[in-house]
Amino acid sequence: PCPFCPGNEESTPPALETASASGEWQIRVVPNRYPAFAGDEPFAVHTLGPVHTQAEASGIHEVFVYARDHQATIASLSDEQIATVMDVLRRRMIDHAASPGIRYTQAIVNHGRESGASLAHPHGQLLGMPFVPGEILDEERAFGRFHGGCILCATVEAELVEGTRVVTADDDCVVVSPYWAGSPYELLIIPREHNVHIQDAASDSLAGVGRSLRNAIRTLNAHLGDVAFNLVVHTAPHEHHGPFHWHFHIWPKLVTVAG
């Protein structure tokens with residue numbers, strides 16, 4: 001039996017948060033039974049001989065069940081449903097940011113077995129980490145090096161003028177296949193409203209970004225079928241207040257990386 005389907009709620013730990021409609025839950029956030037990060041030990045790096053180091057994997061690992069229907073996908077969600085998903089995501093980010101020792105929260109959705117998904121029911125992962133991942137550190141440095149304002153705001157302006165890489169564009173969000181794409185059909189979802197953290201976004205803007213995200217996946221499906229993909233939120237670290245602009249990445253799994 002699917003542990004995330006209605007009627008099997010006892011298969012998971014008690015919910016940390018739910019969103020309901022008509023008396024039935026639509027979204028559940030539960031602790032992961034097999035967490036990659038757990039506990040509240042302070043982050044400390046230990047030296048193991050002349051080469052190796054390690055640190056405690058303290059932190060938070062949650063499962064974000066974003067739909068009640070086992071057959072649902074992000075692409076099938078209504079405007080109201082995707083707005084609720086984005087609102088719950090924001091609330092979880094706020095909760096993680098207030099947790100001692102959590103420096104960054106990584107939100108991901110792995111859709112399809114090729115992307116690493118182990119369960120078919122629509123869900124994502126929220127990982128509160130006591131460190132900032134290297135890719136986010138690289139992005140922080142890129143924002144800091146760009147002297148023309150915000151690099152993603154400038155990207156939006158340049159791509160709208162160029163036009164050839166724009167997938168969708170409206171008042172809330174621009175979706176492009178980025179100039180620096182590293183894989184086929186890679187997509188970058190850029191909110192028009194400039195915010196360093198996803199939790200700083202206004203509700204209307206956040207709902208609009210959610211609709212653009214859903215529509216981007218619908219466009220992928222129209223061209224490629226039900227393709228597997230990794231969806232990742234990139235937001236600034238919780239204590240970061242320098243230049244950044246939160247955004248989504250979508251990486252479809254269409255090729256096998258060689259060499």
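These numbers were taken from a predicted model, which means no experiment stands behind them. Values below: all heavy atoms of this structure, side chains included; hydrogens, waters and symmetry mates excluded.
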Legend entry - Under 3.5 Å side-chain donor-acceptor pair for Trp246 and Gln199: no

Legend entry - More than 12 heavy atoms of other groups within 6.0 Å of Phe64 CZ: yes

Legend entry - Asn215 side chain vs Arg211 backbone, donor-acceptor pair below 3.5 Å: yes

Inset, instruction - Indicate, with yes or no, if Val233 and Leu152 share a hydrophobic cluster defined by side-chain heavy-atom contacts under 4.5 Å among Ile, Leu, Val, Met, Phe, Trp and Tyr. - result: no

Legend entry - Derivation of the side-chain contact (heavy atoms from CB on, under 4.5 Å) call for His240 and Arg103: CA-CA 9 Å; His240 173 96; Arg103 294 188 60 199; over 6 Å; no

Inset, instruction - For residues Ile27 and Thr18, determine if any side-chain heavy atom of one lies less than 4.5 Å from a side-chain heavy atom of the other. - result: no

Legend entry - Pairwise side-chain contact, Leu188 with Phe248, heavy-atom cut-off 4.5 Å (strictly under): no

Inset, instruction - Starting from the C-alpha separation in whole Å, work towards a yes-or-no answer on side-chain contact (heavy atoms from CB on, under 4.5 Å) for Trp25 and Arg68. - result: CA-CA 7 Å; Trp25 68 263; Arg68 181 180 181 86; 3.4 Å; yes

Inset, instruction - Give the cluster check for Phe4 versus Leu89: same hydrophobic cluster or not, with ILVMFWY residues linked at side-chain heavy-atom distances below 4.5 Å. - result: no

Legend entry - Sidechain-backbone polar pair: Arg218 side chain, Ala75 backbone, donor-acceptor under 3.5 Å: yes

Legend entry - Separation between CE of Met93 and CD1 of Ile102, rounded to the nearest 0.5 Å: 12.0 Å

Inset, instruction - Apply side-chain contact (heavy atoms from CB on, under 4.5 Å) to the pair His249 and Leu187, showing each step before the final yes or no. - result: CA-CA 6 Å; His249 292 273; Leu187 295 179; over 6 Å; no

Inset, instruction - Determine whether more than 12 heavy atoms belonging to other residues, nucleotides or ligands lie under 6.0 Å from atom CD of Glu41. - result: yes

Legend entry - Contact check, side chains of Gln81 and Thr84, non-hydrogen atoms, under 4.5 Å: no

Legend entry - Residue pair Glu62 / Ile60, side-chain heavy-atom distance below 4.5 Å: yes

Legend entry - Pair Glu159-Tyr179, side-chain contact (heavy atoms from CB on, under 4.5 Å): steps then yes or no: CA-CA 9 Å; Glu159 293 290 3; Tyr179 179 78; 4.2 Å; yes

Legend entry - Arg165 side chain reached by Pro178 side chain, heavy atoms, under 4.5 Å: no

Legend entry - Sidechain-backbone polar pair: Gln26 side chain, Glu24 backbone, donor-acceptor under 3.5 Å: yes

Inset, instruction - Assess whether atom CG of Asn8 is packed by more than 12 heavy atoms of other residues, nucleotides or ligands within 6.0 Å. - result: yes

Legend entry - Heavy-atom check, side chain of His245 versus side chain of Val196, under 4.5 Å: no

Inset, instruction - Could you verify whether a donor N or O on one side chain and an acceptor N or O on the other, from Arg28 and Thr12, lie under 3.5 Å apart? - result: yes

Inset, instruction - Without swapping roles, check the side chain of Thr73 against the backbone of Ser76 for a donor-acceptor pair under 3.5 Å. - result: yes

Inset, instruction - Consider only side-chain heavy atoms of I, L, V, M, F, W and Y, link residues closer than 4.5 Å, and tell whether Val65 and Ile74 are in one cluster. - result: no

Legend entry - Side-chain donor/acceptor of Arg214 to backbone N/O of Leu77, under 3.5 Å: yes

Inset, instruction - Spell out, yes or no, whether Val209 and Val176 are grouped together once hydrophobic residues are joined by side-chain heavy atoms under 4.5 Å, including indirect joins. - result: no

Legend entry - Trp180 with Val166, same ILVMFWY side-chain cluster at under 4.5 Å: yes

Legend entry - Set of ring-ring contact (aromatic ring centres under 6.0 Å, His included) partners for Tyr66, sequence neighbours left out: none

Legend entry - Crowding at CZ, Arg91 (>12 non-hydrogen neighbours, <6.0 Å): yes

Legend entry - Polar contact flag, side-chain donor to acceptor under 3.5 angstrom, His238-His96: no

Donor-acceptor pairs under 3.5 angstrom involving side-chain atoms of residues 167-174: please list them, not counting sequence neighbours.
{"from": "Asp170", "atom 1": "OD1", "to": "Asp172", "atom 2": "N", "distance (Å)": "2.9"}
{"from": "Asp170", "atom 1": "OD1", "to": "Cys173", "atom 2": "N", "distance (Å)": "2.9"}
{"from": "Asp170", "atom 1": "OD2", "to": "Ser212", "atom 2": "OG", "distance (Å)": "3.4"}

Inset, instruction - Answer yes or no: are there more than 12 heavy-atom neighbours, outside His52 itself, under 6.0 Å from its atom NE2? - result: no

Legend entry - Point-to-point distance, once rounded to the nearest 0.5 Å, from CD1 of Ile94 to OG of Ser99: 12.0 Å

Legend entry - Glu193-Asn195 side chain donor-acceptor pair, cut-off 3.5 Å: yes

Inset, instruction - Taking the side chain as every heavy atom from C-beta outward, state whether Thr53 and His46 have any atom pair closer than 4.5 Å. - result: no

Inset, instruction - Verify, without hydrogens or angle tests, whether His197 (side chain) and Pro237 (backbone) share a donor-acceptor contact under 3.5 angstrom. - result: yes

Legend entry - Residues that Phe143 engages under ring-ring contact (aromatic ring centres under 6.0 Å, His included), provided they are two or more places apart: Phe244

Legend entry - Main-chain N/O of Gly112 paired to Ser115 side chain as donor or acceptor, under 3.5 Å: yes

What donor-acceptor contacts under 3.5 angstrom involve side-chain atoms of residues 250-259, with partners at least two apart or in another chain?
{"from": "Trp251", "atom 1": "NE1", "to": "Glu186", "atom 2": "OE1", "distance (Å)": "3.4"}
{"from": "Trp251", "atom 1": "NE1", "to": "Glu186", "atom 2": "OE2", "distance (Å)": "3.3"}
{"from": "Lys253", "atom 1": "NZ", "to": "Asn230", "atom 2": "OD1", "distance (Å)": "3.4"}

Legend entry - Sequence-distant partners of His111, ring-ring contact (aromatic ring centres under 6.0 Å, His included), two or more places apart: Phe229

Which pairs of donor and acceptor atoms, one on a side chain in residues 118-137, lie under 3.5 Å apart (sequence neighbours left out)?
{"from": "His121", "atom 1": "ND1", "to": "His70", "atom 2": "ND1", "distance (Å)": "3.3"}
{"from": "His121", "atom 1": "NE2", "to": "Ala67", "atom 2": "O", "distance (Å)": "2.9"}
{"from": "His123", "atom 1": "ND1", "to": "His121", "atom 2": "O", "distance (Å)": "2.7"}
{"from": "Gln125", "atom 1": "OE1", "to": "Asn32", "atom 2": "ND2", "distance (Å)": "3.2"}
{"from": "Gln125", "atom 1": "OE1", "to": "His61", "atom 2": "NE2", "distance (Å)": "2.7"}

Legend entry - CG-CG distance between Leu16 and Asp95, expressed to the nearest 0.5 angstrom: 8.0 Å

Inset, instruction - Would you check if Ile108 and Asn110 make a side-chain contact, meaning some heavy-atom pair closer than 4.5 Å? - result: yes

Legend entry - Minimum-distance pair of heavy atoms, taken over all atoms of Glu10 and Arg33: O-NH2, 4.0 Å

Legend entry - Between Ser203 and Arg90: side-chain donor-acceptor atoms closer than 3.5 Å: yes

Inset, instruction - Return yes when atom CG of Asp40 has more than 12 non-hydrogen atoms of other residues, nucleotides or ligands closer than 6.0 Å, and no otherwise. - result: no

